[in-house]
Amino acid sequence: MPELPEVETVRRGLADTIVGRRIDRVEVGRERTVRRTSKQALIDGLTGVSIMEVQRRGKYLLAPLDSGYWMMVHLRMSGRLLVAAAGTERPPHTHVALTFGPDELWFVDPRTFGEVVVYDPERAAEEMPELAKLGVDPVVDRFDRTVLARALAGTSRPVKTVLLDQHRIAGLGNIYTDEVLHRARVRFDRPASALRPVEITRLSKAIVEVLSAAIEAGGSTLVDTQYVDVAGRTGEFQHQHLVYGRQDEGCLTCEKAVIRRSTVGGRSTFYCPRCQR
DNA sequence: AAACAAACCTGTGCGC
DNA sequence: TGCGCACAGGTTTGTT
């Protein structure tokens with residue numbers, strides 16, 4: 001579900017609510033959510049501790065704690081973080097609840113792919129090996145056509161597959177790759193290494209522009225309203241989607257062709273056969 | 001290296 | 001109404 005703009009929106013919501021505050025109670029209702037360590041490890045790692053800051057890298061939320069440890073949250077497909085008044089009825093699938101005085105932070109996740117973990121930053125290489133493998137984050141890191149060219153180099157895989165590869169670029173998911181490729185007028189199945197310099201330039205600009213606009217809009221909430229921010233508000237960027245989920249509808253860019261749906265790497269892919277070459 | 005499928009889960013929407 | 005199936009924003013793992 002959540003891609004970079006949604007995770008960034010959640011990050012900002014946490015920064016405005018629970019950062020700097022002490023956790024006085026930790027409840028874990030589902031072991032699977034803390035599978036990397038254990039229920040007791042999460043309780044011990046968070047009780048009585050303050051969250052000093054919330055950072056984001058790709059789709060990972062990383063929060064340094066005043067204990068010297070860090071908390072990592074990944075929402076995967078259906079995870080949500082919600083801040084609400086303590087005592088409010090918790091939604092179904094609330095697997096972790098942190099109490100901060102009068103407020104609570106809930107990790108809600110129907111599909112249970114998401115996870116919450118407290119780890120030792122000194123041992124991040126062993127405990128959180130995927131973090132070191134993350135590629136460039138187009139919002140946090142310097143990102144331009146040179147950086148993108150490097151990320152796309154050396155592979156003839158479809159450009160969409162490469163954009164989705166978190167080891168090369170961290171943060172793009174299925175919605176935003178399609179939106180970015182459309183705005184850059186590049187077909188999803190072009191071999192990454194075959195893009196011309198002018199196309200790489202367009203693509204790098206599209207990545208920054210789409211992600212910025214999507215963050216500005218608070219992310220995308222699809223018809224199932226799965227994604228909401230920490231206050232339960234929906235995003236609004238779905239109204240600016242030009243291709244995602246629009247198969248058989250007219251292209252809003254050329255107003256002539258019809259948006260098509262295809263599959264790449266097992267993921268639904270939406271594109272305009274006329275605009276994207 | 002790369003392409004694919006399966007796996008992890010639950011919910012929803014659709015055709016019949 | 002109910003049933004079965006396809007499909008879903010992510011990532012890892014195993015198989016050709």
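We name chains A, B, ... by the order of the sequence lines, and we start the count at 1 in each one. These figures come from a predicted structure and were not determined experimentally.
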*If dT10(B) has a Watson-Crick or G-U wobble mate with both distances under 3.5 Å, name it; if not, just say none.*
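Result: dA8(C).
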_Watson-Crick or G-U wobble partner of dA1(B), both distances under 3.5 Å_ =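 For dA1(B), the partner nucleotide comes out as none, under the 3.5 Å rule.
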[N] to [M] separation - [atom1] atoms, rounded to the nearest Å:
| N | M | atom1 | result |
| --- | --- | --- | --- |
| dA6(B) | dC5(C) | P | 15 Å |
| dA6(C) | dA5(B) | P | 14 Å |
| dC9(B) | dG4(C) | P | 22 Å |

Any salt bridge linking [X] with [Y]? Criterion: basic side-chain nitrogen under 4.0 Å from a carboxylate oxygen.
| X | Y | result |
| --- | --- | --- |
| Arg57(A) | Asp141(A) | yes |
| Arg123(A) | Glu127(A) | yes |
| Arg12(A) | Asp229(A) | no |
| Lys133(A) | Glu130(A) | no |
| Arg233(A) | Glu6(A) | no |

Between [atom2] of [N] and [atom1] of [X], the distance in whole Å:
| X | N | atom1 | atom2 | answer |
| --- | --- | --- | --- | --- |
| Met72(A) | dT11(C) | CE | P | 11 Å |
| Glu115(A) | dT11(C) | CD | P | 11 Å |
| Gln166(A) | dT13(C) | CD | P | 15 Å |
| Arg32(A) | dT12(C) | CZ | C1' | 12 Å |
| Leu164(A) | dT12(C) | CG | P | 13 Å |
| Arg261(A) | dC7(C) | CZ | P | 7 Å |
| Arg111(A) | dA8(C) | CZ | P | 10 Å |
| Tyr60(A) | dT11(C) | OH | C1' | 7 Å |

_Classify the ring geometry of Trp70(A) against Tyr119(A): parallel below 30°, tilted from 30° to 60°, perpendicular beyond 60°._
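If you compare the ring of Trp70(A) with that of Tyr119(A), the planes turn out tilted.
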*asked:* Students often mix this up, so state it plainly: with edges at 30° and 60°, are the rings of Tyr244(A) and Phe270(A) parallel, tilted or perpendicular?
replied: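 Answer is perpendicular, since the angle exceeds 60°.
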*Between Arg30(A) and Gly265(A), who's closer to the 5' end of DNA chain B by nearest nucleotide?*
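Looking at the nearest nucleotide for each, Gly265(A) comes out on the 5' side.
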*How do Arg76(A) and Gly154(A) order along DNA chain B: which one's closest nucleotide is nearer the 5' end?*
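Closer to the 5' end of DNA chain B: Gly154(A).
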_Pick the closest DNA chain C nucleotide for His167(A) and for Glu6(A) by heavy atoms, then say which residue is nearer the 5' end._
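Counting from the 5' end, the first nearest nucleotide belongs to Glu6(A).
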*By a strict heavy-atom criterion of less than 4.0 Å, which residues belonging to residues 233-248 of chain A are in contact with DNA chain B?*
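Correct list: empty, so none.
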*asked:* Please check if the number of heavy atoms outside Gln240(A) that lie under 6.0 Å from its CD is greater than 12.
replied: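 Result for CD/Gln240(A): enclosed.
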What's [X] touching, base or sugar-phosphate or nothing? Going by heavy atoms closer than 4.0 Å.
| X | value |
| --- | --- |
| Ser78(A) | nothing |
| Arg157(A) | sugar-phosphate |
| Thr161(A) | nothing |
| Phe113(A) | base |
| Arg36(A) | nothing |
| Leu222(A) | base |
| Gln226(A) | base |
| Arg35(A) | nothing |

Can you give each donor-acceptor pair under 3.5 Å made by side-chain atoms of residues 77-91 of chain A, sequence neighbours left out, with the distance rounded to 0.1 Å?
residue: Ser78(A); atom: OG; partner: Asp109(A); partner atom: OD1; Å: 2.6
residue: Ser78(A); atom: OG; partner: Arg111(A); partner atom: N; Å: 2.9
residue: Thr88(A); atom: OG1; partner: Ala85(A); partner atom: O; Å: 2.6
residue: Arg90(A); atom: NE; partner: Glu104(A); partner atom: OE1; Å: 3.3
residue: Arg90(A); atom: NH1; partner: Glu27(A); partner atom: OE1; Å: 3.2
residue: Arg90(A); atom: NH2; partner: Glu27(A); partner atom: OE2; Å: 2.8
residue: Arg90(A); atom: NH2; partner: Glu104(A); partner atom: OE1; Å: 3.3
residue: Arg90(A); atom: NH2; partner: Glu104(A); partner atom: OE2; Å: 3.3

*Reading DNA chain B 5' to 3', which nucleotide is the first, and which the last, to come under 4.0 Å of any heavy atom in chain A?*
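In short, chain A contacts DNA chain B from dA2(B) to dG11(B).
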*Should Arg267(A) be listed as having a side-chain N or O under 4.0 Å from OP1 or OP2 of dG10(C)?*
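Result: yes.
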*Roughly how far, to the nearest 0.5 Å, is CD of Gln247(A) from CZ of Arg260(A)?*
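One finds 13.0 Å between CZ of Arg260(A) and CD of Gln247(A).
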*Candidate nucleotides dA8(C), dT12(C), dT11(C), ranked by approach to the side chain of Glu130(A) - the nearest*: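 Closest of the options to the side chain of Glu130(A): dT12(C).
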*Please report the closest heavy-atom contact between Pro158(A) and Phe188(A), naming both atoms and the distance.*
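Smallest heavy-atom distance, with atoms named: CB-O, 3.6 Å.
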